[in-house]
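Written out below as structure tokens is the structure these notes cover.
Just so it is clear, the model here is predicted, and its values are computed rather than measured.
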Amino acid sequence: PSLIWICGSAGDGKVTLTVTAGDQAVKAGVSAGDIVRTASKEINGGGGGQPFFATAGGKNPDGLDKAIAVAKNLAAEKLK
């Protein structure tokens, strides 16, 4: 219930970022959609979704590590 799962992949010049948040995390203020929208800027992409599940696609594989770091930081800020 308190899970926040952040996953990214890159291949063939395409990048995908996925964030899932459990019920307790959502109740604490975590929004997977908000996190993905912000973090996807690092992969030159966009996306969105629900508070509990969101995805983004992009075209900058070199930005994937930074996107995941941004997503982790945003999630951590909400859980403080």
Side-chain angles (χ1 to χ4, degrees):
S2 60
L3 169 82
I4 299 173
W5 183 70
I6 301 166
C7 180
S9 66
D12 295 328
K14 297 179 183 179
V15 187
T16 303
L17 181 65
T18 303
V19 177
T20 301
D23 291 340
Q24 288 178 357
V26 171
K27 287 178 185 175
V30 172
S31 171
D34 290 347
I35 291 171
V36 159
R37 268 189 294 282
T38 301
S40 66
K41 294 173 185 174
E42 302 298 331
I43 57 172
N44 296 339
Q50 302 296 317
F52 58 89
F53 180 80
T55 62
K59 298 178 182 178
N60 178 21
D62 293 333
L64 183 56
D65 289 339
K66 175 75 175 186
I68 291 172
V70 167
K72 287 170 62 175
N73 288 335
L74 290 170
E77 285 177 19
K78 289 293 184 178
L79 295 176
K80 284 185 180 179

For residues [X] and [Y], report the shortest heavy-atom separation together with the two atoms involved.
X: R37; Y: G49; answer: NH1-N, 4.1 Å
X: P51; Y: A21; answer: O-CB, 3.8 Å
X: A56; Y: V36; answer: CB-CG1, 3.3 Å
X: K78; Y: V30; answer: CB-CG2, 3.7 Å
X: L79; Y: A28; answer: CD2-CB, 3.9 Å
X: G46; Y: S40; answer: CA-OG, 3.4 Å

Verify side-chain contact (heavy atoms from CB on, under 4.5 Å) between I35 and V70, making sure each step is shown before the conclusion. CA-CA 8 Å; I35 291 171; V70 167; over 6 Å; no

Indicate, with yes or no, if V26 and F53 share a hydrophobic cluster defined by side-chain heavy-atom contacts under 4.5 Å among Ile, Leu, Val, Met, Phe, Trp and Tyr.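 In one cluster with F53: V26, yes.
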
NZ of K14 to CG of N60: how many Å apart, nearest 0.5 Å?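 CG of N60 is found 15.0 Å from NZ of K14.
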
Gap between atom CG of L74 and atom CG of D34 - 0.5 Å precision: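 The CG atom of L74 is 9.0 Å from CG of D34, to the nearest 0.5 Å.
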
Among I43, L17, N73, V19, which one satisfies side-chain contact (heavy atoms from CB on, under 4.5 Å) with I68?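 Filter result, single survivor: L17.
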
